[in-house]
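The structure appears right after this line, and notes come after that.
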Amino acid sequence: MFEAIDFQALLPFIAVGFAAQIVDGALGMAFGVISSTLLVSVLGVPPATASAGVHLAECFTTGVSGISHAIHKNVNWKLFFRLLVPGIIGGVTGAYLLTSLDASITRPFVMGYLALIGIYLLWRGISFPTRHHREPKIVEPLGLAGGFLDAAGGGGWGPVVTSNLLIQGTQPRYTIGTVNSVEFFLTLSVSITFIFHLGLSAFTEAVVGLLVGGVLAAPFGALLAKRVPTKTLLILVGVVLTVTSSYSVYRALT
């Protein structure tokens with residue numbers, strides 16, 4: 001397979017993976033949304049192939065990203081273990097129900113909700129600081145819902161979990177690092193299901209490019225999450241979440 005790869009043709013996919021992972025590693029969301037949008041809209045990759053490719057590539061990018069966040073001490077291990085098991089259960093359940101669930105009906109509502117959260121986080125960032133950071137009260141149900149929506153709806157772990165934890169007052173740096181670290185185990189569980197059904201034929205040129213670009217960018221995203229001030233992180237998360245969610249609602253309704 002690798003002998004047939006045109007490495008010059010691989011460069012656009014590497015660029016997409018690099019850009020998407022920089023944003024995802026720094027803000028805890030948007031690798032799937034950015035990658036899928038650019039692959040389908042700009043590079044002309046079929047939607048089904050793009051979705052499978054993004055999930056497979058995330059197995060590797062989230063692993064490197066999680067290790068990078070751990071090295072930079074961005075991980076809250078108590079929160080990590082509270083999210084881990086519910087996230088995997090939700091992801092595996094969503095993957096099994098993917099064929100029977102009409103995600104096209106529920107996705108616009110979920111994305112609309114996330115767009116509103118993005119606006120709220122943007123306001124929180126502009127008016128920061130308004131209150132002290134605090135431990136989240138709702139975690140396990142959030143992990144379950146985030147894992148399910150990520151698998152059944154084609155993405156959503158970062159936007160759903162990261163944004164809702166920030167709403168509860170958690171510190172952005174540790175929230176982003178922890179959510180990214182848990183995502184590796186979630187994505188691995190979901191991708192095993194996809195590979196079981198699709199076979200290794202899903203491992204296309206686009207996947208190789210996303211993988212290379214994402215792995216190269218992962219350490220830089222973790223470093224940004226550590227260095228960028230809380231106020232700036234909140235504003236950036238709000239902007240990215242609002243724009244990507246609004247665009248997803250537009251795509252779903254047109």
Side-chain angles (χ1 to χ4, degrees), residues 24 28-33 35-36 47-63 65-66 75-115 117 136-168 170 175-176 178-203 207 241 244-245 248-249 251-252:
D24 191 277
M29 64 184 70
F31 181 89
V33 173
S35 297
S36 296
T49 303
S51 178
V54 168
H55 274 89
L56 286 173
E58 279 187 313
C59 281
F60 299 89
T61 59
T62 54
S65 180
V75 180
N76 178 331
W77 292 107
K78 179 181 177 182
L79 181 60
F80 176 93
F81 288 109
R82 290 185 67 184
L83 286 171
L84 181 62
V85 175
I88 291 175
I89 292 174
V92 171
T93 303
Y96 274 113
L97 294 179
L98 181 60
T99 54
S100 59
L101 178 68
D102 189 355
S104 63
I105 296 177
T106 59
R107 188 168 180 79
F109 294 100
V110 174
M111 291 299 106
Y113 164 70
L114 291 176
I117 288 183
K137 295 181 179 180
I138 302 174
V139 176
E140 289 79 5
L142 195 57
L144 190 68
F148 181 85
L149 289 171
D150 187 82
W157 170 256
V160 170
V161 180
T162 300
S163 60
N164 279 280
L165 288 174
L166 291 175
I167 286 279
Q168 295 182 61
T170 58
T175 302
I176 291 167
T178 304
V179 172
N180 264 273
S181 300
V182 175
E183 189 176 13
F184 165 71
F185 298 95
L186 168 68
T187 306
L188 182 62
S189 302
V190 173
S191 295
I192 288 173
T193 305
F194 283 139
I195 292 175
F196 180 77
H197 290 289
L198 298 174
L200 292 178
S201 60
F203 201 82
V207 178
L241 188 58
T244 55
S245 299
S248 295
V249 172
R251 286 289 301 274

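By convention here, the first residue in the shown sequence is residue 1.
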If you compare all heavy atoms of Glu183 against all heavy atoms of Glu58, which two are closest, and at what distance to 0.1 Å?
OE2-OE2, 3.5 Å

Cys59 SG to Leu186 CG distance, which is reported to the nearest 0.5 Å
9.5 Å

Is the shortest heavy-atom distance from the side chain of Asn76 to the side chain of Thr170 under 4.5 Å?
no

Sub-3.5 Å donor-acceptor pair from the side chain of Ser65 to the main-chain atoms of Thr61, do we have one?
no

Just to verify, what does Asp24 make a side-chain hydrogen bond (donor to acceptor under 3.5 Å, both in side chains) with, not counting sequence neighbours?
none

Let me confirm one number: the CH2-CG distance from Trp77 to Leu84, rounded to the nearest 0.5 Å.
10.0 Å

side-chain contact (heavy atoms from CB on, under 4.5 Å) with Phe148: which of Val92, Thr93, Ile89?
Thr93

Less than 4.5 Å apart, side chain to side chain, heavy atoms only: is that true for Trp157 and Phe31?
no

Correct closest heavy-atom pair for Gly146 and Val160 would be CA-CG1, 4.0 Å

Set of residues satisfying side-chain hydrogen bond (donor to acceptor under 3.5 Å, both in side chains) with respect to Thr62, sequence neighbours excluded
none

Here the gap from Thr175 atom OG1 to Leu79 atom CG, rounded to the nearest 0.5 Å, amounts to 6.5 Å

So CG of Asn180 and CZ of Phe80: to nearest 0.5 Å the spacing works out to 11.5 Å

Leu142 side chain near Gln168 side chain, heavy-atom distance below 4.5 Å:
yes

Distance, nearest 0.5 Å, that separates CG of Leu83 from CD1 of Ile88
11.0 Å

Just one of Ile138, Thr178, Ile176, Val179 clears the side-chain contact (heavy atoms from CB on, under 4.5 Å) bar with Leu165, so which one?
Val179

